[in-house]
K.L.:
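Take this structure first; my questions come after.
Values in this document were obtained by computation on a predicted structure and should not be read as measured data.
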Amino acid sequence: MKIIRFFFLFLVTILILPIIYFSFFFDSESFKNSITDNISNKISGDIRFDNKIDLTFFPYPKVVLNNLSFIDKNLSVKVANTQITSKWIYLLRGDLKFKNVKFLNPMVSFDFKTVDQSVIHNNYFLHVNIGNNSKFLDQHIRIFEKIEIKNGIVSILTNSGQQNLEKVNFSFVNSRQQINGNFFLKNFNSNFSLKAISQSQNYEEISMSIEQKILDQKEKIFLNGVLFIKGRTFEFNGLLQSKNLNISELIQNNRQKSKEKDFLKKIKYSFSDFFKININAKIEKLKITNQTFKNVTFNSFISDNFMRIEQFNSSYLDGVLKFNADYSKLDNRLKGVLFLEDFSLPSNHFVETKYYISGGKNSLSSSFESILLKNDFQSLISNLNLMGKLEIKNADLNGINLEEISKKIDNFTGINDIFEIFKLSKKNQKSNIDSIKSNFRINNNELKFDNLTFKSPHITVYSAGKYFLNTKRFDVSNEITIKSKKFPKFPSFNVNIKGLSSDFDYIYDFKNLKEYLISKSLKKLLKKNNEKLDNFENFLEFFID
């Protein structure tokens, strides 16, 4: 019993003595100055907080600092409530050894708007030099056993605009060299979860796992990789995976032009002179506006002034899409090559067009180059220089029955049949196409082709013309030859197409055709009636003109 009483008295004494000490001898002003000096010696910058300091003694000593602020060049931190847990022995000495630190509702601001990338590197990332890592860790990280951030906001202001990380919750455990956290990024309408574990003592190699969940969407995006700190350079190698990625949903309000421009601007200014990023991607279904790409794989590389996407491979329009593309920040130039093999033209994209081509086993190849000057897609289109080749095989021409036209010509009996022949358009009618071949080019907002050849069992068309990308107008000339068993020398005729893509004007040139048909009709009439005309040619010109 005596041992138990002694132990109880000893325990009470240990618990009560600190209370007695702080009740009679604690000087809050002196303690505040001690904390300020203690923190200032470890972390550079202007640190301030209110004179009133709250202390909790049980079950462990906890110091609560109110309205803490930290300002250092382009960095600003404001925390309404900061809780610091220390050890009794250090607190009794008037010293403050950080055990656990918890920041409640902090607001952190980085202002890089007037600072170029190299200055940002020198100010904020010089300490990651491998030779300086130990010093930095001792001064800034190893003084904490655990750091927690609850419901914080991080604002990053750059030349491309402002990014806000909201609902930031992070936990750093020094002994495990591990960070767990989550935050909401409004620009991507997404919640992010992060887990990072150092694989080396000086944080030179960090394995990272990031999970992105778009609001109101089921699918997630996963990014796993390793961050290497090599001298003054960060290098990240990783794998991006997703079952269903919709770019339109990824960028909130992307339908607004201003948002679209901002997004492209962010891409343009996202390059840095201290980051190198290598990401391989595997996406089961990728949606961009109203287009769907399946089984997407590609490799991407981003460095200081350069971005590359290579070995892009996906299933698109029942075919295989491949391309490589490079973007250089120095001259804002985008260039690459594209191949689309064995694809089928969809019919649902042309429901408002009188005549359209669908299906087929087709191929497209092109090389392209453009300049991004105005931070929007329009500059890419207006500066696009493209050369390509298109080949369509065994497709359907919808809205017209070419076999019926050929039969009408074979059954031609007289001049009254001319207008019946050219009643071309009929709904739910289609014709088979053997092939369409064409070389084409895009330059100065004009799609040009001068050697398009259209072949089917009943008709051959040679086309040349332009499509104006900015005004969506056509100016195309076509030479059409219809094959007839009864009239093997049936002449060709011209049809010009002009106007908007939604409202074509067809201009027919039937001079040779009228001459042929009327001649055939009159000759048949004369033969039937056994009549003769002395000046048949002049009589024929009367009908033709």
Side-chain angles (χ1 to χ4, degrees), residues 151 153-154 156 161 163-171 178-197 206-227 236-257 259-267 270 277-302 307-323 325 338 340 343-344 346 348-349 377:
N151 197 30
I153 297 177
V154 178
I156 304 173
Q163 292 274 6
N164 287 332
L165 277 63
E166 303 173 5
K167 302 176 183 178
V168 178
N169 296 284
F170 271 84
S171 174
Q178 178 175 326
I179 295 176
N180 292 326
N182 54 76
F183 58 90
F184 174 72
L185 187 56
K186 186 176 182 180
N187 288 43
F188 289 94
N189 195 32
S190 301
N191 286 313
F192 289 83
S193 297
L194 167 69
K195 183 177 181 179
I197 303 175
I206 303 171
S207 63
M208 303 182 69
S209 176
I210 301 173
E211 177 184 302
Q212 179 181 356
K213 174 68 169 61
I214 304 173
L215 293 188
D216 303 322
Q217 298 298 318
K218 294 181 180 179
E219 302 300 338
K220 297 180 179 180
I221 303 169
F222 301 93
L223 178 62
N224 299 290
V226 179
L227 177 66
F236 180 81
N237 297 322
L239 172 65
L240 185 147
Q241 293 178 291
S242 178
K243 289 185 177 180
N244 194 337
L245 177 56
N246 192 319
I247 299 298
S248 300
E249 294 168 352
L250 182 63
I251 308 165
Q252 191 179 33
N253 298 325
N254 74 307
R255 292 182 178 88
Q256 300 178 15
K257 290 184 178 180
K259 292 291 183 180
E260 184 179 85
K261 292 180 180 180
D262 289 343
F263 175 66
L264 287 171
K265 195 174 182 182
K266 288 182 177 71
I267 292 177
S270 63
I277 300 174
N278 295 275
I279 295 178
N280 298 334
K282 292 183 178 180
I283 304 170
E284 291 186 17
K285 185 181 292 185
L286 174 65
K287 293 183 179 179
I288 303 177
T289 59
N290 60 344
Q291 303 299 314
T292 300
F293 305 84
K294 297 179 180 179
N295 301 320
V296 176
T297 60
F298 63 86
N299 303 328
S300 62
F301 172 75
I302 302 175
M307 178 177 181
R308 168 177 290 166
I309 294 178
E310 61 183 11
Q311 297 181 22
F312 183 100
N313 192 303
S314 75
S315 175
Y316 178 61
L317 297 178
D318 298 324
V320 178
L321 173 64
K322 302 178 181 180
F323 78 80
L338 180 148
L340 183 55
F343 71 97
S344 177
N348 57 329
H349 291 290
F377 283 111

K.L.:
Is the shortest side-chain heavy-atom distance between S314 and T297 below 4.5 Å?
P.N.:
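In short, these two side chains do not touch, never coming nearer than 4.5 Å.
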K.L.:
Does any non-hydrogen side-chain atom of N224 lie less than 4.5 Å from one of S209?
P.N.:
yes
K.L.:
Could you go step by step and tell me if V320 and N313 meet the side-chain contact (heavy atoms from CB on, under 4.5 Å) rule?
P.N.:
CA-CA 7 Å; V320 178; N313 192 303; 3.9 Å; yes
K.L.:
So which heavy atom on L185 is nearest to which on N164, and how close?
P.N.:
CD1-O, 3.3 Å
K.L.:
Please determine whether side-chain contact (heavy atoms from CB on, under 4.5 Å) holds for the pair N280 and L240, giving the CA-CA distance in whole Å, both sets of side-chain angles, and the decisive distance to 0.1 Å.
P.N.:
CA-CA 6 Å; N280 298 334; L240 185 147; over 6 Å; no
K.L.:
Looking at F184 and N189, what are the two nearest heavy atoms and their distance?
P.N.:
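Closest heavy-atom pair between F184 and N189: CE1-C, 3.9 Å.
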K.L.:
Would a 4.5 Å heavy-atom cut-off, applied to side chains only, mark L239 and K282 as touching?
P.N.:
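They are in contact (side-chain heavy atoms under 4.5 Å apart), so the answer is yes.
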K.L.:
Under the criterion side-chain contact (heavy atoms from CB on, under 4.5 Å), I'd like the reasoning laid out for F170 against I179: C-alpha separation, chi angles, the key distance, then a yes or no.
P.N.:
CA-CA 7 Å; F170 271 84; I179 295 176; 3.4 Å; yes
K.L.:
NZ of K220 to CD of E211: how many Å apart, nearest 0.5 Å?
P.N.:
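Spacing of NZ (K220) from CD (E211) equals 4.0 Å.
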K.L.:
Distance check, rounded to the nearest 0.5 Å: E219 atom CD versus N246 atom CG?
P.N.:
11.0 Å
K.L.:
Which heavy atom of F323 sits nearest to which heavy atom of L338, and what is that distance?
P.N.:
CB-CA, 3.8 Å
K.L.:
To the nearest 0.5 Å, what is the distance between CG (N244) and CD1 (I214)?
P.N.:
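Spacing of CG (N244) from CD1 (I214) equals 8.5 Å.
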K.L.:
Please step through side-chain contact (heavy atoms from CB on, under 4.5 Å) for the pair I153 and L165, ending with a clear verdict.
P.N.:
CA-CA 6 Å; I153 297 177; L165 277 63; over 6 Å; no
K.L.:
Just verifying a value: how many Å separate I283 CD1 and K285 NZ, rounded to the nearest 0.5 Å?
P.N.:
13.0 Å
K.L.:
Any chance you could measure I279, atom CD1, to I302, atom CD1, to the nearest 0.5 Å?
P.N.:
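Answer for the CD1-CD1 pair, I279 versus I302, is 6.5 Å.
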K.L.:
Are the side chain of S207 and the backbone of I197 linked by a donor-acceptor contact shorter than 3.5 Å?
P.N.:
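Answer holds: yes.
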K.L.:
Using side-chain heavy atoms (C-beta onward) and a distance below 4.5 Å, is Q178 in contact with K195?
P.N.:
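Yes. Closest side-chain heavy atoms under 4.5 Å.
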K.L.:
For F192, is there any backbone N or O sitting under 3.5 Å from a side-chain donor or acceptor partner on N182?
P.N.:
no
K.L.:
Classify the angle between the aromatic ring planes of F293 and F312 as parallel (below 30°), tilted (30 to 60°) or perpendicular (above 60°).
P.N.:
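F293 and F312: perpendicular rings.
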K.L.:
OG/S242 to CG/L223 distance, rounded to the nearest 0.5 angstrom?
P.N.:
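Those atoms lie 11.5 Å apart.
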K.L.:
Among K294, Q291, K322, find the one that has a side-chain hydrogen bond (donor to acceptor under 3.5 Å, both in side chains) with Y316.
P.N.:
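Exactly one option meets the side-chain hydrogen bond (donor to acceptor under 3.5 Å, both in side chains) with Y316, and it is Q291.
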K.L.:
Does NZ or CZ of K167 come closer than 6.0 Å to the centre of the six-membered ring of F183, within 45° of the ring's axis?
P.N.:
no
K.L.:
List the atom of A196, the atom of I206, and the distance in Å for their closest heavy-atom pair.
P.N.:
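Where A196 meets I206 most closely, the heavy atoms are CB-CG2, 3.9 Å.
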K.L.:
If you take all heavy atoms of F301 and N278, which pair is closest and at what distance?
P.N.:
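Heavy atoms only, the tightest pair is CD1-OD1, 3.0 Å.
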K.L.:
How far apart are the closest heavy atoms of V168 and V154, and which atoms are they?
P.N.:
CG2-CG2, 4.2 Å
K.L.:
Is K243 salt-bridged to E284, cutoff N-O under 4.0 Å?
P.N.:
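Between E284 and K243 there is no salt bridge, as every charged N stays at least 4.0 Å from the carboxylate O atoms.
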K.L.:
For the residue pair S315 / N295, report whether a side-chain donor-acceptor contact shorter than 3.5 Å exists.
P.N.:
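No, because no side-chain N or O of N295 sits under 3.5 Å from a partner of the opposite role on S315.
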